[in-house]
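So the structure is just underneath, and the comments pick up after that.
Small disclaimer: the values here were computed from a predicted structure and weren't measured.
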Amino acid sequence: MERQEIEVFLALAEELHFGRAGQRLGVTTTRVSQVVRALERRVGAQLFERTSRRVTLTPTGRQLHEDLKPAYDQVLAAVARAVAHGRGLTGTLRVGYVGAAAGRLVMTAATRFRLGRPDCAVEAREVQVSDAAERLHADEIDVLVGCFPLDGPGLTSGPALLSEPRMLAVPAGHPFARTASLSVEDLARVRLVRAPCSLPSVGTAGSAGGDGPVAETFQEVLTLVGAGRGTFVVGEHAARLYARPDLVYIPLRDAPPLDWGPVWPTARETARVRAFVTAAVESARAAV
């Protein structure tokens, strides 16, 4: 059977109306009739009963439909899988994220990304910002979501997914703790904890009392700040996700916003990566 014969037969068997079958396939009613008559000659039996009022399948036509429809659906599914594979939309996309805010962005984007892509999975894992670029270059993750800038040699940055104000985390007993807001210039009066997850500079570096202590992870940062060992610049989300009785988060009113978004190795940009970034942007817009 020719492809058009299969498509015309299946369309007419489901619509049971020559006009609707033609509209569905984008052909004329006359063409539908011609193809059906040719197919009936090939089979050697009538496939449809036609009257001026109705069209029904004959027993032979019903049997052909029951045998042909599943096989044709399998062919279409096989072709769709081959196309998806050729476009890189199968397999597993490995997505890294830095911190809870990025994790939420990734999970929301992953849900949207998987819609319509049953053969493509998302494997999300938290990474430390200190080795994030190294893991991208080592092909351990395909795309990373974190706070900008995340640039570097051979890396491509996508659009910002989230923009939030910056705040200063201080100990609950700090003189700033009762202040409604701070200026960037006030950072010169505090000690800043040093850590790989430190945010990009917002102006005057903290210098009061010398260099602050060193931490390796964000949880260590919060522990040191809560113990009165220093302060730390964070995004606004920290006040919601990392509320602690020994910490106070104070807005930095004149600091530039903190942007979060995706970055990936330029040489390994695939259709999977592009589709995930698109899903992340759409999810971020929907959340506004």
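A side-chain donor-acceptor contact under 3.5 Å links T51 to the backbone of R54. Of the possible polar contacts, one joining the R194 side chain to the G212 backbone as a donor-acceptor pair under 3.5 Å is found. Of the possible donor and acceptor atoms, none in the side chain of D254 sits under 3.5 Å from a partner among the backbone N and O of S183. The main-chain N or O of E216 is found under 3.5 Å from a side-chain atom of E220 such that the two form a donor-acceptor pair. Of the possible polar contacts, one joining the R268 side chain to the L136 backbone as a donor-acceptor pair under 3.5 Å is found. No side-chain donor-acceptor contact under 3.5 Å links T60 to the backbone of A45. In terms of modelled atom types and a separation under 3.5 Å, the side chain of T58 and the main chain of E49 share no donor-acceptor contact. For the pair R114 (side chain) and C120 (backbone), a donor-acceptor distance under 3.5 Å is absent. Judged purely by atom type and a 3.5 angstrom limit, D246 has no side-chain atom pairing as donor or acceptor with the backbone of A172. With hydrogens and angles disregarded, a donor-acceptor distance shorter than 3.5 Å links the side chain of R253 to the backbone of S181.
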Subject >> Stepwise side chain to side chain contact (heavy atoms under 4.5 Å, CB included) test for T223 and R244 >> reply: CA-CA 10 Å; T223 298; R244 293 171 44 147; 4.0 Å; yes
Subject >> side chain to side chain contact (heavy atoms under 4.5 Å, CB included) evaluation trace for E66 with Q63 >> reply: CA-CA 5 Å; E66 292 176 357; Q63 184 63 57; 4.1 Å; yes
**OP:** Start with the C-alpha gap between W264 and V277, add the side-chain angles, then the distance that decides, and say whether side chain to side chain contact (heavy atoms under 4.5 Å, CB included) holds.
**Re:** CA-CA 10 Å; W264 60 91; V277 172; 3.6 Å; yes
**OP:** Evaluate side chain to side chain contact (heavy atoms under 4.5 Å, CB included) for V170 paired with L247, printing each intermediate quantity in order.
**Re:** CA-CA 6 Å; V170 303; L247 295 178; over 6 Å; no
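The OG1 atom of T266 sits 6.5 Å away from the CG atom of L155 when rounded to the nearest 0.5 Å. R189 contributes atom CZ, which lies 8.0 Å from atom CG of L182 (distance to the nearest 0.5 angstrom). Taken from CG in L144 to OG in S157, the straight-line distance is 9.5 Å, to the nearest 0.5 Å. Note that the CG atom of L105 and the CH2 atom of W260 stand 8.0 Å from one another [nearest 0.5 Å]. One distance of note links OG of S33 with CG of L12; it measures 8.5 Å at 0.5 Å rounding. We find the CG-CG distance between L39 and L64 to be 6.5 Å, quoted to the nearest 0.5 Å.
Between A160 and D259, the closest heavy-atom pair is CB-CB, 4.1 Å. Contact detail for V225 and A169: the closest heavy-atom pair is CG1-O, 3.6 Å. Closest of all the heavy-atom pairs between V35 and E5 is CG1-CA, 3.7 Å. A100 approaches Y242 most closely through the heavy-atom pair CB-OH, 3.3 Å.
Residues that satisfy the ring-ring contact (aromatic ring centres under 6.0 Å, His included) test with Y249, not counting sequence neighbours, are absent from this structure.
Ring orientation note: the planes of H65 and F9 are tilted relative to one another, at an angle of 30° to 60°.
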Check: residues 228-238 side-chain donor-acceptor pairs under 3.5 Å, at least two apart:
from	atom 1	to	atom 2	distance (Å)
T231	OG1	R191	O	2.9
H237	ND1	E164	OE1	3.4
H237	ND1	E164	OE2	2.9

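A salt bridge links R274 with E269: the closest approach of a Lys/Arg side-chain nitrogen to an acidic carboxylate oxygen falls below 4.0 angstrom.
Within a 6.0 Å sphere centred on CD of E14, heavy atoms belonging to other residues, nucleotides or ligands number more than 12.
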